[in-house]
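Contents: one structure, followed by commentary.
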Amino acid sequence: MIISIFGPPGSGKGTQSYLLTNRENFIQLSTGDMLRSEVSNNTDLGMKVKKYLDSGKLVPDELIIDVVKARLDTLVASYSSLRLIFDGFPRTEKQCLMLADILTDMGLSMDRAFLLNIDLEDLVRRLVARRVCSSCGKVYNLVLSPPLKDNLCDNCGAVLIHRSDDQENIIRERIKTYSEFIDSIKSFFSNRTTIFDIDANQSIENVYRDIVSKLFIKK
Ligand code: AP5
Ligand code: MG
């Protein structure tokens, strides 16, 4: 099963992907996480993409496409029945076309897409207080869902990270970028699968409940 979770920065894509990974055996393919890992490992790609992440702009398509394709190849070769979540991909028309070609070549299809809808004013508030586990990826919020011990993950004890793009001016730029592309992404998904609109203003568990209730029903 292949699904996509999409929505604006801070809408809860990573949070919901984390829950689906731990509770329903999904694997998350987050292009944002992949790019940040390239930056922290100081790879050639990391050095090329850093300026885009730091400014809230999208990384050029040609730098993304090969990375996603390589990851997908590995996953498809490793799992006989893959449960995969695309988090934050595709993000442009070109990425949509490329994904459609790859899925066709691999004999795969997109089974469902979940659009996390949220009041935009809440996003900045959520993101400035976000912390993410440097090891297992669990997402926290210092106000709404803080860790039990300061700056340490409840789950694995690793240090929590404050993402460099979680600054108010960059968050606003990321929201602007999202608004420019969202219509073409929606039209891509609506031509290929069912899009479920999810109210992401609810609690984390209620958002999760809504997603899971749509996950296994017959379309
Ligand atoms: P990416 O990493 O994808 O970031 P994003 O889209 O801006 O989304 P976020 O990860 O910030 O938010 P989220 O929706 O995952 O929210 P989360 O669950 O963490 O991309 C970063 C950058 O990489 C881009 O700007 C671009 O430069 C580049 N990039 C990535 N993909 C690309 C692509 N395909 N093409 C080109 N460039 C690309 O939650 C946020 C906070 O809210 C947390 O504190 C959490 O605890 C809290 N929260 C979550 N849900 C709830 C809830 N229901 N109620 C209350 N609080 C909640
Ligand atoms: Mg995320």
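We count ligands from 1, going down the list as the structure has it; atoms in each ligand are counted the same way. In what follows, every heavy atom counts, from backbone to side chain, and hydrogens, waters and symmetry copies are set aside. Because the structure is a prediction, the values reported are computed rather than measured.
Taken together through direct or relayed side-chain contacts under 4.5 Å among Ile, Leu, Val, Met, Phe, Trp and Tyr, Tyr178 and Tyr52 form part of one hydrophobic cluster. Cluster membership for Leu29 and Ile65, using ILVMFWY side-chain heavy atoms within less than 4.5 angstrom, is shared. If you chain together hydrophobic residues whose side chains sit under 4.5 Å apart, Phe216 and Tyr208 fall into the same group. Residues Leu116 and Ile175 do not share a hydrophobic cluster, clusters being chains of Ile/Leu/Val/Met/Phe/Trp/Tyr side chains in contact below 4.5 Å.
For atom 44 (O) of ligand 1, the closest non-hydrogen atom on the protein side is Tyr140 O, 2.8 Å. Atom 43 (C) of ligand 1 has its closest protein heavy atom at Val139 CG1, 3.5 Å. Protein heavy atom nearest atom 9 (P) of ligand 1, with residue, atom name and distance: Arg130 NH1, 3.3 Å. For atom 22 (C) of ligand 1, the nearest non-hydrogen atom of the protein is Leu53 CG, 4.1 Å. Scanning the protein for heavy atoms near atom 18 (O) of ligand 1, the closest one is Thr15 OG1, 2.6 Å. Taking atom 47 (C) of ligand 1 as the reference point, the nearest protein heavy-atom neighbour is Arg126 CD, 4.0 Å. Annotation: atom 28 (C) of ligand 1 to nearest protein heavy atom, Leu35 CD1, 3.7 Å. The protein heavy atom nearest to atom 16 (O) of ligand 1 is Gly12 N, 3.3 Å.
Near Gly14, meaning under 4.0 Å from any of its heavy atoms, are these atoms of ligand 1: 13 (P), 15 (O), 18 (O). Counting atoms of ligand 1 from 1 in the listed order, those under 4.0 Å from a heavy atom of Lys57 are 26 (C), 27 (O). Less than 4.0 angstrom separates some heavy atom of Gln95 from each of these atoms of ligand 1: 33 (C), 34 (N), 35 (N), 36 (C). Within ligand 1, the atoms closer than 4.0 Å to a non-hydrogen atom of Ser203 are 53 (N), numbered from 1 in the order shown.
Between the Asn191 side chain and the Ser187 main chain, a donor and an acceptor come within less than 3.5 Å of each other. The closest donor-acceptor contact from the side chain of Gln95 to the backbone of Arg91 lies under 3.5 Å.
Of the options Arg174, Arg36, Arg91, the smallest heavy-atom separation from atom 24 (C) of ligand 1 is shown by Arg91. With distances taken over non-hydrogen atoms, the option nearest atom 4 (O) of ligand 1 out of Arg163, Lys13, Gln202 is Arg163.
Considering both main-chain and side-chain atoms, Phe89 never comes within under 3.5 Å of ligand 1 through any nitrogen or oxygen pair. Distances between N or O atoms of Gly88 and those of ligand 1 include at least one value under 3.5 Å. The shortest N or O to N or O distance between Thr31 and ligand 1 is below 3.5 Å. For ligand 1, none of its N or O atoms has an N or O atom of Leu144 under 3.5 Å away. For a threshold of 3.5 Å applied to N or O pairs, the pair formed by Asp165 and ligand 1 contains no separation below that value.
Minimum heavy-atom separation, Lys186 to Ile195: O-CD1, 3.5 Å. Nearest heavy-atom pair, Arg131 versus Val128, reported as atom, atom and distance to 0.1 Å: NH1-O, 3.6 Å.
Residue-environment remark: NZ (Lys214) exceeds the threshold of 12 foreign heavy atoms within 6.0 Å. Summarising the local packing, CG of Asn41 is surrounded by more than 12 heavy atoms from other residues, nucleotides or ligands at distances under 6.0 Å.
Heavy-atom distances between Pro8 and ligand 1 reach below 4.0 Å in at least one pair. Under a 4.0 angstrom heavy-atom cut-off, Ala129 registers as lying outside contact with ligand 1. Note on ligand 1: Gln16 sits outside its first shell, no heavy atom being nearer than 4.0 Å. Remark: distances from the non-hydrogen atoms of Ser145 to ligand 1 include one below 4.0 Å.
Using the six-membered ring where Trp is involved, Phe196 and Phe114 have ring planes that are parallel, under 30° apart on the 30 and 60° scheme.
Counting heavy atoms closer than 4.0 Å to ligand 1, residue Leu127 contributes side-chain atoms (C-beta onward) but none from N, CA, C or O. Of the heavy atoms in Ile64, only side-chain atoms (C-beta onward) come closer than 4.0 Å to ligand 1.
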*asked:* Could you walk me through whether Phe86 and Phe6 satisfy the ring-ring contact (aromatic ring centres under 6.0 Å, His included) test, starting with their C-alpha distance in whole Å, then the side-chain angles of each, then the deciding distance to 0.1 Å, before giving a yes or no?
replied: CA-CA 8 Å; Phe86 282 108; Phe6 66 116; over 10 Å; no
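Listed by chain and number, the residues in a side chain to side chain donor-acceptor pair (under 3.5 Å) with Lys94 amount to none (sequence neighbours excluded).
The shortest distance between side-chain heavy atoms of Arg163 and Arg36 falls below 4.5 Å.
Counting only N and O atoms by type, the side chains of Tyr18 and Asn155 include a donor and acceptor under 3.5 Å apart.
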